[in-house]
Amino acid sequence: HDVDSYVWPSWEVKQSAFSRPPYMTLSAPAIAIEENGPAVCKVKVVRKAGKSTFTQIISLDAESRYVSIENEIDWREEASLLKAEFHTTAKNEKALYDIGFGYTERNTNTPRLFEVPAQRWAGITDENDNSGTAIFSDSRTGWDKPDASTLRLTCIHTPLNNYRWECSQHIMDLGINRFGFAVYPHGGETENIIANADAFCQP
């Protein structure tokens, strides 16, 4: 639970929070087919953890090269941080991160640099065969990379403490949260990653 800096709880997260395993796991999913036609297939997945409910619509469009996931999370956990974790088959100590007017390369987490920004996407390209996976995000911008094959996206953060007593930061993000991300396999062509991320974020 104790994930936050006591000085700037809404802005700073302790490195120790990223190093330890999750304190909560999701329940077994309830799965239903929402749509199954020539244009799109959609599957609805509902799971619970603690007092929170996680609803995801996973869809694949006929003309799309990525799988999109729409999330609606009724978040009821205090002093907690929620991350989506993406394990890839690509291996690289570096990853690419979209910075709005281009992209930059950053290393795997270090004790001094473990949460980094990216606007619409981040991705790992394998060092050997140039294939990889990019993750698109329509609104969440905090990422970390715990090892050579994994990206994590910060989705929800309810701080432990208040910066000032009147700010009520300890109830931040409680309630309904809606956001989307997508998984895009690729052959190393960065220009295609950018084009598909644009298509996902601005359909």
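FYI, the numbering just counts along the sequence from 1. Since we're looking at a predicted model, the values are computed, not measured.
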Discussion item. Using side-chain heavy atoms (C-beta onward) and a distance below 4.5 Å, is N192 in contact with Y184?
Written reply: yes
Item to complete: Go through the steps to decide whether H157 and V13 satisfy the test side-chain contact (heavy atoms from CB on, under 4.5 Å), and finish with yes or no.
Response: CA-CA 10 Å; H157 180 206; V13 180; 3.9 Å; yes
Item to complete: Report yes if the side chains of T104 and L96 come closer than 4.5 Å at any heavy-atom pair, otherwise no.
Response: no
Worksheet item: Where do D138 and F200 come nearest, in terms of heavy atoms and distance?
Response: N-CE2, 3.9 Å
Item to complete: Could you list who else is in I57's hydrophobic cluster, with ILVMFWY side chains joined at under 4.5 Å, directly or through other members?
Response: none
Practice prompt. Would you name the heavy atoms of A49 and T25 that are closest together and state the gap between them?
Written response: CB-O, 3.6 Å
Fill in: Where A95 and K145 come nearest, the two heavy atoms and their spacing
CB-CD, 3.6 Å
Fill in: Distance, nearest 0.5 Å, that separates CG of D147 from OG1 of T150
3.5 Å
Worksheet item: With a 4.5 Å limit on heavy-atom distance, are the side chains of V45 and T55 in contact?
Response: no
Worksheet, complete the sentence: Rounded to the nearest 0.5 Å, the CD1 atom of I73 sits from the SG atom of C155 at a distance of 6.0 Å
Discussion item. How long is the straight-line distance from CD of E105 back to OH of Y97, given to the nearest 0.5 Å?
Written reply: 10.0 Å
Item to complete: Look at the side chain of S59 and the backbone N and O of K42, then say whether any donor-acceptor pair between them is shorter than 3.5 Å.
Response: no
Practice prompt. Output yes when a side-chain donor or acceptor of D173 lies under 3.5 Å from a complementary backbone atom of I156, and no otherwise.
Written response: no
Item to complete: Go through N130 and T125 one step at a time and tell me if the side-chain contact (heavy atoms from CB on, under 4.5 Å) criterion holds.
Response: CA-CA 6 Å; N130 218 29; T125 301; 3.6 Å; yes
Practice prompt. Check for a donor-acceptor pair, side chain of T108 on one end and backbone N or O of E93 on the other, with a separation under 3.5 Å.
Written response: yes
Worksheet item: Salt-bridged, D144 to R152, with N to O below 4.0 Å?
Response: yes
Discussion item. I'd like to check T133 versus F86 (side-chain heavy atoms, cut-off strictly below 4.5 Å). Are they in contact?
Written reply: no
Item to complete: For residues S80 and Y23, determine if any side-chain heavy atom of one lies less than 4.5 Å from a side-chain heavy atom of the other.
Response: yes
Item to complete: Would you check if there is a donor-acceptor pair between the side chains of W75 and T158 at a distance under 3.5 Å?
Response: yes
Discussion item. Quick check for you: to the nearest 0.5 Å, what is the distance between K48 atom NZ and M24 atom CE?
Written reply: 12.0 Å
Discussion item. Checking R47 against Q56: is there a side-chain donor and acceptor pair closer than 3.5 Å?
Written reply: yes
Worksheet item: Is a side-chain N or O of E191 found less than 3.5 angstrom from the main chain of E189, in a donor-acceptor match?
Response: no
Practice prompt. Assess whether side chain to side chain donor-acceptor pair (under 3.5 Å) is satisfied between S149 and K91, documenting all intermediate values.
Written response: CA-CA 5 Å; S149 300; K91 290 186 177 172; 5.1 Å; no
Practice prompt. Among F181, W143, Y66, find the one that has a ring pair (Phe, Tyr, Trp, His ring centres under 6.0 Å) with F136.
Written response: Y66
Item to complete: Compare all side-chain heavy atoms of E35 with those of C41 and state whether any distance is below 4.5 angstrom.
Response: no
Item to complete: Could you tell me which non-hydrogen atom of A90 sits nearest to which non-hydrogen atom of S131, and how far apart they are?
Response: CB-O, 4.0 Å
Worksheet item: Pick from N71, L82, L153: which one makes a side-chain contact (heavy atoms from CB on, under 4.5 Å) with R140?
Response: L153
Worksheet item: For the hydrophobic clusters of this structure (ILVMFWY residues joined by side-chain heavy atoms under 4.5 Å, transitively), does one cluster hold both F179 and I69?
Response: yes
Practice prompt. Find out whether H170 and E78 are in side-chain contact, i.e. whether some heavy atom of one side chain is under 4.5 Å from a heavy atom of the other.
Written response: no
Worksheet entry | CA sep, side-chain torsions, deciding dist, call: V46, T53, side-chain contact (heavy atoms from CB on, under 4.5 Å) | CA-CA 7 Å; V46 180; T53 303; 4.0 Å; yes
Discussion item. Taking the basic N atoms (NZ, or NE/NH1/NH2) and the acidic carboxylate oxygens, is any pair closer than 4.0 Å for E72 and K44?
Written reply: no
Discussion item. Taking the basic N atoms (NZ, or NE/NH1/NH2) and the acidic carboxylate oxygens, is any pair closer than 4.0 Å for K51 and D74?
Written reply: no
Worksheet entry | Short side-chain to backbone donor-acceptor contact, R120 and I194, under 3.5 Å | no
Worksheet, complete the sentence: What one should report as the nearest heavy-atom pair of D126 and N128 is OD2-N, 2.8 Å
Practice prompt. Would you indicate whether the side-chain heavy atoms of N36 and V43 approach each other to under 4.5 Å?
Written response: no
Worksheet, complete the sentence: Between H186 and A134 the two heavy atoms that sit nearest each other are CD2-N, 3.8 Å
Worksheet item: Applying the 4.5 Å side-chain criterion to the ILVMFWY set and letting contacts propagate, would V40 and I58 be lumped into a single cluster?
Response: no
Discussion item. Please check: side-chain N/O of D98 versus main-chain N/O of A118, any donor-acceptor pairing under 3.5 Å?
Written reply: no
Worksheet item: If you measure only the distance, is there a donor-acceptor pair under 3.5 Å linking the side chains of K83 and T154?
Response: yes
Item to complete: Fit a plane to each ring of Y103 and W121, take the angle between them on a 0 to 90° scale, and name the class: parallel (under 30°), tilted (30 to 60°) or perpendicular (over 60°).
Response: tilted
Worksheet item: Does K94 have any side chain to side chain donor-acceptor pair (under 3.5 Å) partners at least two apart in sequence or in another chain, and if so, which?
Response: N107
Worksheet entry | Donor-acceptor pair, side chain of D61 and main chain of S64, under 3.5 angstrom | no
Discussion item. Quiz question: by atom type and distance under 3.5 Å, do the side chains of E77 and S52 form a donor-acceptor pair?
Written reply: yes
